[in-house]
Novice: 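I am attaching a structure below and will ask some questions about it afterwards.
To find a chain, count down the sequence lines: A is the first, B the second, and so on, and within it residues start at 1. Side-chain atoms are counted along with the backbone in the values below, which use heavy atoms only and exclude waters and symmetry mates. Worth saying up front: this structure is predicted, and the values here are computed from it rather than measured.
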Amino acid sequence: MSIYDSLNEMQKKAVFQTEGPVLILAGAGSGKTRVLTHRIAYLIEKCDVKPWNIMAITFTNKAAEEMKNRVDDLVGLGSDSIWVSTFHSSCVRILRRYADRIGYDTNFTIYDADDQKSIIKDVCKKLQIDTKMLKERTILSAISNAKDSLIGPIEYETNAFGDYNKQRIAGVYKEYQATLRKNNAMDFDDLIMLTVELLKGDPEVKASYHERFRYIMVDEYQDTNTAQFELVKQLASGNRNLCVVGDDDQSIYKFRGANIRNILDFEMVYPDACVIKLEQNYRSSQNILDAANAVIRNNIGRKDKSLWTAAGTGNRIHFRQFDTAYEEAEYIAGDVSSKYFSGKLRYSDCAVLYRTNAQSRLLEEQFIKSSIPYNVVGGVNFYSRKEIKDILAYLKTIDNGKDDLAVKRIINIPKRGIGQTTINKVQDYADENQISFYDALCEADQIKTLGKAAAKLTPFVNMIQVFRSRLNVYSLEDLMQDILDTTGYVEQLQADSEEEAEARIENIDELISKVVSYEETHDQPTLSEFLEDVALVADIDGVDPTADKVLLMTLHSAKGLEFPHVYLAGMEDGVFPSYMTIMSDDSTEVEEERRLAYVGITRAKEELTISAAKQRMIRGETQYNSVSRFVKEIPQELLDNRLPVYKRDFADYEDDSRERYSFKQKPYDFSGGSNYVNQRGAVTKQNYVNRDSSIGIVRPKAVLKPKTTPDSVKPFIAQTSAVNNAASSAVNYKVGDRVRHSRFGDGCVLAMEPGPKDTKVTVAFDECGQKIMYATFAKLTKI
DNA sequence: CGTACTAGTCTTTTT
DNA sequence: GACTAGTACG
């Protein structure tokens with residue numbers, strides 16, 4: 001009995017095919033991590049490959065960590081020396097060693113999105129580019145795309161010939177890159193691009209890595225971009241033992257430069273590649289797989305495959321459409337709660353997935369109300385919080401004096417009376433003398449223009465120097481504590497705002513415990529490495545898998561995970577797929593979202609609940625959406641086909657409501673476009689009945705509020721009455737008029753119905769069909 | 001130099 | 001609706 005006996009035939013083939021290029025097309029839940037870990041074990045145990053000659057690349061630290069642990073379980077100790085890490089950390093590791101060969105110091109700083117934005121802003125100012133005409137965001141994404149495709153500033157400029165906007169972006173790109181180099185900093189994209197540059201330009205370095213990495217494996221290969229592909233190609237060009245694992249149906253990072261052709265064309269780049277398909281699914285019930293297969297079948301340009309399972313049919317997929325997003329959230333929380341208290345699940349069995357981070361808010365509110373423990377993955381990143389960035393900027397300043405951005409961030413935090421004019425004068429001096437901002441600070445007394453402001457700078461410089469000199473003497477934890485004590489940062493926080501301070505101090509404590517845990521887990525902890533760890537964490541990395549909590553996250557974050565109970569919330573056209581996608585003339589964008597839907601569906605092992613709302617507030621604007629086209633692509637017999645639920649009491653769908661309601665009315669409304677029709681007849685907000693006690697589950701009063709208390713209705717009332725007040729604003733159009741909407745474009749007013757809250761306006765838009773909207777929110781103008 | 005208020009933008013997804 | 005950047009004033 002060996003560890004390989006438990007594998008199926010195709011999996012075995014993938015594990016035993018160790019030599020040469022291998023492409024494993026692994027459908028969702030087909031055990032690809034199992035294959036990769038067993039393959040590593042096989043290489044070490046049976047092929048006498050040294051652990052340090054193996055490299056495995058993943059996208060997130062969490063995936064890397066999981067792979068390490070599972071290899072550990074298989075082969076025991078010795079797996080430590082296998083190089084398992086993410087694309088970005090692999091590159092940092094290489095660059096920390098050799099960056100001096102491409103003109104950087106090896107203690108370079110890594111810039112995050114905020115840092116990038118400030119640099120772009122400065123550069124635009126310098127080049128006198130009007131950011132109203134050419135958005136920073138646009139420039140940044142153009143630069144990022146260029147880097148993902150390995151196009152440097154010079155080449156970009158060449159390509160921009162004849163295109164005015166591109167030429168201006170080329171100018172910014174050039175200056176941006178020069179600034180980063182001056183600051184001894186790299187952005188995320190640089191990490192990959194510059195590593196490729198290093199490998200291509202330095203045969204010695206390349207040869208040393210060929211010697212080291214004899215077997216290379218890449219996970220989630222469908223999400224690699226051109227730069228990552230080139231990186232892998234460079235690393236593998238010595239031994240050609242390259243094994244990539246991926247699923248073209250799960251390629252969901254096109255916006256980040258992922259090139260689906262990397263996986264589709266693998267066999268062209270490596271004609272001798274061995275291709276293995278894994279189609280047996282070990283995760284989900286047949287119903288769930290059937291739904292996933294049916295949805296993804298609508299995409300063209302994919303490698304044909306179909307998942308199957310030996311497991312049973314399972315329950316039907318639950319589908320609910322609600323009047324409002326509020327009720328949707330209420331239902332999900334209620335469903336989780338009732339199943340929890342009837343012992344059907346643990347909280348950690350559940351995940352709620354949605355398209356955009358903003359959707360988490362309503363869900364959170366309901367989870368809090370129902371006292372359900374939950375964790376939100378993503379959203380506002382821990383490391384992008386003000387207080388955390390401040391402390392990190394101190395650390396960066398101490399670590400890399402060339403990082404002007406970090407120095408400028410903290411020079412007046414806490415307040416030292418150093419303002420913009422002083423900073424500008426120092427910067428001018430630095431520019432004149434071709435030195436860094438920090439070095440200019442050190443020579444403050446030389447800067448004539450400063451006058452008595454110079455006296456304020458000296459204590460700051462001295463403080464940083466003291467921190468630096470102590471760096472070798474005490475731990476990072478001591479350093480961080482020292483920074484807090486010396487600067488009086490916490491006191492300043494409290495002085496600024498009493499209420500906010502508490503949460504911010506908690507975050508700082510959290511950061512301190514992260515330093516402590518970093519120092520505990522590393523033999524030779526360094527400040528640079530800590531900052532790098534911090535810079536390269538993904539949202540999903542911070543999730544504690546042992547906590548019994550419901551996880552709330554975007555569909556993107558959910559890739560690679562699985563849960564017994566999955567809720568797909570906000571399944572509406574306009575939300576998922578998003579308006580941007582629907583409006584786009586590029587049909588591949590809808591295909592990308594369809595793949596995202598496929599990812600979402602296939603996360604579920606046992607129960608899948610799909611929900612939608614007719615009415616939803618997005619960016620302070622109420623939208624009316626029909627059920628997502630992706631739901632319509634699921635064969636209806638796979639759905640439980642129940643009525644949309646309008647009652648606030650979840651007892652209604654806990655007991656056998658099918659008897660009373662089933663199939664007497666249309667189960668849900670699939671009429672496209674404007675589907676906001678009040679179908680429920682007599683059932684209105686006023687006659688919700690409290691039948692709370694009718695469910696036979698234990699529900700402690702303190703934990704669960706009755707769903708029918710005026711309390712739970714309040715937010716809705718408050719919201720609508722606010723509308724009421726504003727509703728009196730006159731509109732200058734009438735039925736038959738042509739009107740213009742900021743997003744939907746032009747259309748013709750079909751009907752206007754004065755409602756109790758606000759006037760409902762029905763408009764037939766030329767581009768996007770009929771919509772019914774409230775006049776106050778729609779902001780329609782007559783044309 | 002620091003603060004308080006206002007106007008504008010944003011949101012699709014992230015290492 | 002929420003957050004941010006920019007501006008006016010003390």
Novice: Output one line per pair: protein atom, nucleotide atom from nucleotides 2-4 of chain C, and distance, for all N/O pairs under 3.5 Å.
Specialist:
none

Novice: Give me, pair by pair, the N or O atoms of the protein and of nucleotides 7-10 of chain C that are less than 3.5 Å apart, along with how far apart they are.
Specialist:
none

Novice: Can the positive tip of A:K147 be found less than 6.0 Å from the middle of the six-membered ring of A:F188, inside 45° of the ring normal?
Specialist: no
Novice: Please name all residues satisfying salt bridge (Lys or Arg N to Asp or Glu O under 4.0 Å) with A:R96, sequence neighbours left out, ordered by chain then number.
Specialist: A:E532
Novice: Rounded off to whole Å, could you give me the CD1-to-P distance for the A:I192 and B:dT14 pair?
Specialist: 18 Å
Novice: Tell me every residue that passes side chain to side chain donor-acceptor pair (under 3.5 Å) with A:N357, counting only those two or more places apart in sequence or in another chain.
Specialist: none
Novice: Restricting to side chain to side chain donor-acceptor pair (under 3.5 Å), what partner residues turn up for A:N299, sequence neighbours left out?
Specialist: A:R594
Novice: Measure from CZ on A:F59 to P on B:dT14 and round the result to the nearest Å.
Specialist: 14 Å
Novice: Any salt bridge (Lys or Arg N to Asp or Glu O under 4.0 Å) involving residues 359-368 of chain A? Give me the pairs, sequence neighbours left out, ordered by first then second residue.
Specialist: A:R361-A:E365
Novice: Please enumerate all residues that pass salt bridge (Lys or Arg N to Asp or Glu O under 4.0 Å) together with A:D403, with sequence neighbours excluded.
Specialist: none
Novice: For A:Y176, what residues pass the ring pair (Phe, Tyr, Trp, His ring centres under 6.0 Å) criterion, not counting sequence neighbours?
Specialist: none
Novice: Whole angstroms only, please: what is the NE2-C1' distance between A:H88 and B:dT15?
Specialist: 4 Å
Novice: Applying salt bridge (Lys or Arg N to Asp or Glu O under 4.0 Å), name anything that partners A:D428, two or more places apart in sequence or on another chain.
Specialist: none
Novice: Which residues satisfy the side chain to side chain donor-acceptor pair (under 3.5 Å) test with A:T33, sequence neighbours excluded?
Specialist: none
Novice: Taking the nucleotide of DNA chain B with the closest heavy atom to each, which residue, A:G419 or A:T60, is nearer the 5' end?
Specialist: A:G419
Novice: In whole Å, measure the gap between the P atoms of C:dT4 and B:dT13 for me.
Specialist: 15 Å
Novice: Identify, with sequence neighbours excluded, every residue that meets salt bridge (Lys or Arg N to Asp or Glu O under 4.0 Å) alongside A:K254.
Specialist: A:D586
Novice: Is there a side-chain polar atom (N or O) of A:N225 under 4.0 Å from OP1 or OP2 of B:dT15?
Specialist: no
Novice: One character per nucleotide, please: for nucleotides 3-13 of chain B, 5' to 3', B when the base has a protein heavy atom closer than 4.0 Å, S when only the sugar-phosphate does, - otherwise.
Specialist: S------BSBB
